[in-house]
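Side-chain atoms are counted along with the backbone in the values below, which use heavy atoms only and exclude waters and symmetry mates. Sequence lines set the chain letters: A, B, ... in the order given, protein chains first and strands last, and positions in each chain run from 1.
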Amino acid sequence: MKGTYEQPGQATGGKEESKRFSTVSDLEIKSLYTPEDIKDSDYEADIGHPGSYPFTRGCQPDMYRGRLWTFRMFSGFGSAEDTNKRYHKLLDEGETGLSVAFDFPTLMGYDSDSPRAHAEIGKCGVAIDTLFDYGVLFNKIPLDKVTTSQTINPPASITWAMHLALADKQGVPWDKIGGTIQNDMLKEFVAQKTFMLPLEPSIKIVSDTIEFGTQYVPRWNTVSISGYHIREAGSTAVQELAFTLADGIAYVQDVIERKKMDVDAFAPRLSFFFDSHIDFFEEIAKVRAARRIWARVMKERFKARDPRSWWMRFHSQTAGCSLTAQQPLNNIVRVAVQALAMTLGGTQSLHTDSFDETLALPSDQAVTVALRTQQIIADETGIINTIDPLAGSYFVEALTNEMEEKALEYIEKIDKMGGMLAAIEQGFPQMEISEAAYNYQKQVDRGDKVLVGVNKYISEEETPIETLKIDEKLEEKQIKCVQEVRRTRDNRTVARTLNELRQACKDDKNVMPYVIEAVRAYATEQEICDVYREVYGEYRDPGFY
Amino acid sequence: MEHQTKLRVLVAKPGLDGHDRGVKIIARAFRDTGYEVIYTGVHQTPEQIVSAAIQEDVDLIGLSCLSGAHLFLFNEVVRQLIEQDAGDIIVIGGGIIPEEDITRLKGAGIKEIFLPGTSLDEILKWVEENVKPLSQRGGSK
Amino acid sequence: MTVELVNRILEGDVRTAARLMRGIEDGAADAFGEMADLYPHTGKAYIVGITGAPGGGKSTLVDTLITTFRQRDMTLGVVAIDPTSPFTGGAILGDRVRMQKHSTDSGVFIRSVATRGWLGGLARAAVSIIHIMDAMGKDIILVETVGIGQQEVDVTRLADTSIFVLTPGSGDAIQMMKAGILEVADIFVVNKADLEGASRSKMELQAMLGMKSGACEEWEPSVLLTEAVNNIGIEELVDEILKHQAFLVSGEGMEKRRKERARLELTEAIESSLKDYIDSNVDKAFLEKLVDDLVQRRTNPQAAASQIIGKSIKR
Ligand SMILES: Nc1nc2c(ncn2[C@@H]2O[C@H](COP(=O)(O)OP(=O)(O)OP(=O)(O)O)[C@@H](O)[C@H]2O)c(=O)[nH]1
Ligand SMILES: [Mg+2]
């Protein structure tokens, strides 16, 4: 059996080699992979059984046979009332976890009546100004029965505080609620650019929430370290992998240094979030490599002893940026392939995009198809029967190794720059991503990368599809609502709690207890953010290109 | 010293969304075409965009908005330009913009809207054909 | 209509001023006439040059300087110069984004300028843009250029106060010494003082400045530490700039600098007028013949030049 394996290109005189075959991230792929390509891999040390270090094959020994991934559909639009209705519908249809999309004013820490909020209210998510809105959002949804994911970053401490305050109102103890706040500020500076405070206070507040969660809300994931947005900003798969892990390293480092916490005390609650792009095997290799690198980083670099600290658990979402506005029904197929990749890659939870997302907010019908896609994969295809079925494939293992190698090169480079914060200050990841995005666009323009319906198989006639519109009256209604809350609440308590928060910020205390008190008193999101801004200053886009 | 007339372009992101993938690609493409490009970063107000455009004497403003607030924000930029006697600066936009909004935007004075999937070449060609340096258009005064 | 135009600029009209700047950059014929009419109204602003290696934090520093000068009730013009790509002729002018929060302050006028292949560093366009801001009544004009080389020495010839920005442990100082910048800068700033090695860089620089013997200028260039991102050390920098200004005004320094600048402008004007004149008046065939003669070694460049200039002037 041993020997060298010829590449077909060599055998055929290299005719097919004139065309370059590469992934969507422009990683070159060979025509054939053989045992030669993975001869240096050791099953025990590098791959490992599912549930065993280094977890290349998955975190759990039984994977989906034990428990399916969570079907978690990101949704939110318009008013809290509208969104609540959709939540009930999704739960009725078999969704197992909620995921809140907030509108831009909420994401940026502005109330609905701020001049900066004009025309943005309820557009890309739900508008939440106070605990009142949050209560409406979760009307008749018991917080101990469903887990909730909040996709929000700079004001995550505030919306999480709302969740905790609402749990109190529902009489649910904090150790019975589960969920996630995205709360990953580093990737905001790197990619999504929803930022509010400078780097240092931003990461300080993230560490505050990690500390608070560890102590009081043990089932909560206080940060979802996200590659999704990095990829959507145009990075390659390797960059997504590398920068996400570098962000993760920075958080762990910060909590250890700032909070003097033992790594095993908090690391098991760290969770990740990846994009599932269209290049099937590259995506699978990416998440397998991610698990392996993280396990090694945690064990070797941070000396974690608890195996749960070594696990990388992740949520995933199909790639919004891979969908096309042209021939939108094709997106259903893209989403299915991407969802399949993540389930073969061992995701813990999954959001599938709606096919009409590139046109506007998803319609009910499109959301249902997206959810059904997951259900078909889970219940019909049989992929859940066995764990990590692709392990041992020469190609998949070799690609996993290659992704790991290339990601480690980046991480080393970032370490040399003084870590991820320093790298971000210098604009390094930002500029790498811009470069990759530009290169990809040029490849698409040249036709080197195909987008069906966009640069190939173009059809003249487009079928119009139904999309959801946000009622323009919503803005007025939401403004009235927040102003009404301000009028009827006890403004002395609000002022007192905000002052206490201000002092806590200045004294460098954990902000969480103070934010919860302010939220309870019906302080608005912006009022709390304004305290942050006042004490910590504001971050402005350095515009790295 | 030989003098050359060069197109000056401002690319800007009004509003609260931070998705700057598109504007940065366009900024690079304009640069590589030989234009002088000013990028002002994300989260800009129409006031900031207009005053930067006037101080920099640009010929073209490219706006990108993915938050759905394009109608207000794009129109506001054009309105303020006109108010400040700079209505001759051409404004184009990009983003996820429904058909009926395109008509309204064009009615308000936005010269062209580019939707997702548009190639760089198409955009560059449009600019080449439709934007001349203000100095060659015989200025506003 | 230049009177009207001049008046509008004197009143601070941004649109008119910005258009004229563009005319100068693009070489529009009437722009130079307009500049001539504006010239008598210039010479009031105080010009501060800021230069240093790429990425040293100059724009961030300018941003904080704007804030501080504004707090002291002074108006500002900013000329931010970035290189044009030699390959495409285009440029992304990236300084402004760091100062963008001042965009809507009517007391601040920021203009990004691409070098468009000027060889001599700050050329006519930049000087004219400074003049226009000056005529608009800006109290302080900050000029940011990038690089540590001979071109940047030219900036100092334009400015009343020249600031050189370096960063800890970058080895910029050695470069500066080679380029002769140590001799011409008035204030040195070690920015990013939050990084390791700042005080060492400061000491090294001070030692080098101490070595500089024989310079009989009485002004002793100082070395300041700043953290532009954290707004630290900026008040002190502004104080130092104003101190230098007071020093120049009290002695003959100001007079000397302005003369130097006028001389520079005159030389520039002579050179470019001569070149323009030759370009448009000298017979191309005659020029070609001289080139051939040179190739054949029938003449030498000096003699050929005399022939052209002699011919031009005689005309
Ligand atoms: N650590 C640290 N970083 C700083 C400081 N000042 C600026 N920076 C960072 O340095 C980088 C470059 O800043 P700029 O202000 O663009 O520098 P510049 O010298 O104008 O750059 P060019 O115009 O491109 O030559 C940015 O990432 C700034 O945030 C500082 O005091 N400390
Ligand atoms: Mg700069």
Do B/Lys24 and C/Ile92 make a side-chain contact, defined as non-hydrogen atoms from C-beta onward lying under 4.5 Å apart?
no
Please tell me if the side chains of C/Arg111 and B/Asp57 come closer than 4.5 Å, counting only heavy atoms from C-beta onward.
yes
Tell me if the [atom1] atom of [X] is crowded by more than 12 foreign heavy atoms within 6.0 Å.
X        : atom1 : value
B/Glu128 : CD    : no
B/Glu99  : CD    : no
B/Lys106 : NZ    : yes
C/Arg70  : CZ    : yes

Heavy-atom closest contact ([X] atom, [Y] atom, distance):
X       : Y        : result
B/Gln55 : C/Ile110 : OE1-N, 3.0 Å
B/Ile89 : C/Arg15  : CD1-NH1, 3.8 Å
C/Val97 : B/Gly41  : CG2-N, 3.7 Å
B/Ala52 : C/Gln100 : CB-NE2, 3.8 Å

Relative to chain B, which segment of C/Thr104 carries a heavy atom at a distance below 4.5 Å: side chain, backbone, both, or neither?
both
So for C/Val78, is it side chain, backbone, both, or neither that comes closer than 4.5 Å to the heavy atoms of chain B?
neither
Salt bridge present between B/Arg8 and C/Asp26 (N-O < 4.0 angstrom)
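Salt bridge: no.
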Could you tell me whether C/Glu25 and B/Lys6 make a salt bridge, using a distance below 4.0 angstrom between a side-chain N and a carboxylate O?
no
If you count heavy-atom pairs under 4.5 Å with chain B, which of C/Gly94, C/Ser106, C/Ala18, C/Ala91 comes out on top?
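Highest number of pairs under 4.5 Å: C/Ala91.
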Using 0.5 Å steps for rounding, measure from the CG atom of C/Asp82 to the CD atom of B/Glu36.
10.0 Å
Between atom CZ of C/Arg19 and atom CD1 of B/Ile54, what is the distance when rounded to the nearest 0.5 Å?
10.5 Å
Treating B/Glu56 as the side-chain partner and C/Ser112 as the backbone partner, does any N or O pair qualify as donor plus acceptor under 3.5 Å?
yes
Does any donor atom in the side chain of C/Ser103 or B/Ser51 lie under 3.5 Å from an acceptor atom in the other side chain?
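Yes.
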